[in-house]
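Order of the sequence lines sets the chain letters (A, B, ...), proteins ahead of strands, with each chain counted from 1. All values below were derived from every heavy atom in this structure, side-chain atoms included, with hydrogens, water molecules and symmetry-related copies excluded.
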Number of protein chains: 2
Amino acid sequence: MAATRQNRVAVWAQIAEDLRAQITDGTHPADAQLPTEADLTAKYGVARATVRQALAALVNEGLIVSRAPRGYFIRLRKPLYYRPQQEFRPQPLSPEMDRFMMDHSADGREPRQTIEVSIVDPPEDVKKRLKLADGELAAVRRRIRYLDGEPFNTNDSYFPLRLVQDTEIMRPADIARGANEVLAEAGYPQVRALDEIYTRMPTPEEIRRLDLAPGTPVACHICTGLCPDGTPVRVVMNILPGDRHVIVYERGGIDLDEK
Amino acid sequence: MAATRQNRVAVWAQIAEDLRAQITDGTHPADAQLPTEADLTAKYGVARATVRQALAALVNEGLIVSRAPRGYFIRLRKPLYYRPQQEFRPQPLSPEMDRFMMDHSADGREPRQTIEVSIVDPPEDVKKRLKLADGELAAVRRRIRYLDGEPFNTNDSYFPLRLVQDTEIMRPADIARGANEVLAEAGYPQVRALDEIYTRMPTPEEIRRLDLAPGTPVACHICTGLCPDGTPVRVVMNILPGDRHVIVYERGGIDLDEK
DNA sequence: GAGTGGTCTAGACCACGTA
DNA sequence: ACGTGGTCTAGACCACTCG
């Protein structure tokens, strides 16, 4: 537990551990206010900087949040389920599965999204997955999704420019039937997809766009859509704040692995 | 960018931004050493604590790591692909997909795992998913997996105790044919699964077990295995350090959604 | 106006790795 | 032996929110 190189635990780490135990053991209700920095310096008899180091640790763990100048508060997690397979299987495989999902549904929350379309030289990640030729450009539809006015996730869809030029995809408006349908009509139906998911701390840009609190990691979900002949025609980069999402996959009809 | 409540950017935030730009723009090679704290205090003409705050920010973003008392170093990301569907589809759907995966393979790295088996009153998460009666116990196989001696992920498999008592599952040894096979032989074949994935900062316990650097989020992958009648018989809780894993799903044969 | 957290300073001592 | 980062202290001023 954060032992210093000496055989002892730093004072700030002990304070952090104290507070962490109180938070996780449910002593305080969610959203409760913690003692002030002044309270803690008095209680533990240390300098303010030491208390601040303890609190900063908890902030970076995502356990508490500072609402200056009001104080520190216990953070609550209210993730919604997020389903990459959504359109494929709108219904859960079984009522049992549904149970878990009911806890966090978007019922009654008002969705909204902003859309920007532009032509770009895409980032290396995307370029590789789209198998773009050197210097070849892509169209990107950048969306930020909101729920009740709060940013929920971002969704940047990249298409090889040559495939979508002069299609509806280039217009910054909702596409009721979906961009995939448009792409299919243009002769590029997607029949397979590769989902890649990894997690990291957000960039300052992402913190800004998604209004992320410190200590909030993001999941990066990259979906590559392929035509029957294996040509990639679409790469979607989703940024999912960890405090707002649970990604769900349902699998069935096969022997299931352990890992 | 970390503006203070005044209309200015904090000095530490500017220093962090400077360094961040240098790191992400590839000015320095990966694993390069940053200037020392003393260098930076001199360069920017500020107190050491200010420089340390900038560096701490980058550490928490996962961009750099401190190897005291040697200095700060740029962090490298070398994730391996992790496939929940592994046994289902050992081969990628197409050579195109394989391309992305070749970059990070476990070739030539020596895998090892530790196994502990115990009987526990499982955490609430697990209890709910296993639909355990009040006070009902579970067997848990806790595994830590290593690659070349370094911890890679943890895998805790929970089973209702009544189903697995007196089976091979209770012995802390490798099960060559897999715990699922044992469960199937006992009359509980799994035909469906629900995967839930979310991301958060690790607990101190996880930091210890997985030897995580600061600024490393984890993905929590919970797999619930169900019998044909919908009874959950197994819940697996995987903890996947973000700097070591990319989770991969392949989907095919269906219309694919955008989200 | 009182109290909060955010920022910044100028010191100090320590353990540890490396040269 | 030296330089490194880790820890801790004792101050200071500020902007903001709330009563």
Contacts under 3.5 angstrom, residues 50-59 of chain A side chains, donor-acceptor by atom type, not counting sequence neighbours:
| from | atom 1 | to | atom 2 | distance (Å) |
| --- | --- | --- | --- | --- |
| A/Arg52 | NH1 | A/Glu37 | OE2 | 2.8 |

Quiz item: More than 12 foreign heavy atoms under 6.0 Å from CD of A/Glu116: is that the case here?
Solution: no
Quiz prompt | Within residues 27-46 of chain A, residues whose heavy atoms come under 4.0 Å of DNA chain D | solution = A/Val46
Practice problem: Please report the C-alpha distance between A/Phe152 and A/His245 in whole Å, then the side-chain angles of each, then the deciding distance to 0.1 Å, and finally whether the ring pair (Phe, Tyr, Trp, His ring centres under 6.0 Å) criterion is met. | Solution: CA-CA 9 Å; A/Phe152 187 57; A/His245 290 81; 4.2 Å; yes
Quiz item: Is A/Asp121 salt-bridged to A/Lys127, cutoff N-O under 4.0 Å?
Solution: yes
Quiz item: Between A/Arg70 and C/dG5, does any side-chain N or O lie under 4.0 Å from OP1 or OP2?
Solution: no
Quiz item: Between D/dG3, C/dG5, D/dC8, which nucleotide gets closest to the side-chain atoms of A/Arg48?
Solution: C/dG5
Practice problem: Start with the C-alpha gap between A/Arg77 and A/Arg244, add the side-chain angles, then the distance that decides, and say whether side-chain contact (heavy atoms from CB on, under 4.5 Å) holds. | Solution: CA-CA 7 Å; A/Arg77 267 186 79 87; A/Arg244 294 161 217 182; over 6 Å; no
Quiz prompt | B/Phe73 CZ to D/dT4 P, straight-line distance once rounded to whole Å | solution = 12 Å
Quiz item: Quick one, which residues of residues 49-64 of chain A touch DNA chain C with a heavy atom under 4.0 Å?
Solution: A/Arg52
Quiz item: Would you say A/Arg67 reaches D/dC18's phosphate, i.e. side-chain N/O to OP1/OP2 under 4.0 Å?
Solution: no
Quiz prompt | Closest nucleotide among D/dC8, D/dG6, C/dT4 to the A/Val11 side chain | solution = D/dC8
Practice problem: Going by the side-chain contact (heavy atoms from CB on, under 4.5 Å) test, name the single residue among A/Asn155, A/Asp195, A/Leu194 that passes it with A/Cys223. | Solution: A/Asp195
Exercise. Side chain of A/Trp12 only, please: which of D/dT7, C/dC16, C/dG3 is the nearest?
Key: D/dT7
Quiz prompt | Nearest-neighbour nucleotide for the A/Ala47 side chain, C/dT4, D/dT9, C/dG5 considered | solution = D/dT9
Quiz item: Without hydrogens or angle criteria, can the side chains of A/His221 and A/Tyr198 be said to hold a donor-acceptor pair below 3.5 Å?
Solution: no
Quiz item: If you draw a 6.0 Å radius around CZ in A/Arg171, do more than 12 non-hydrogen atoms from other residues or ligands fall strictly inside?
Solution: no
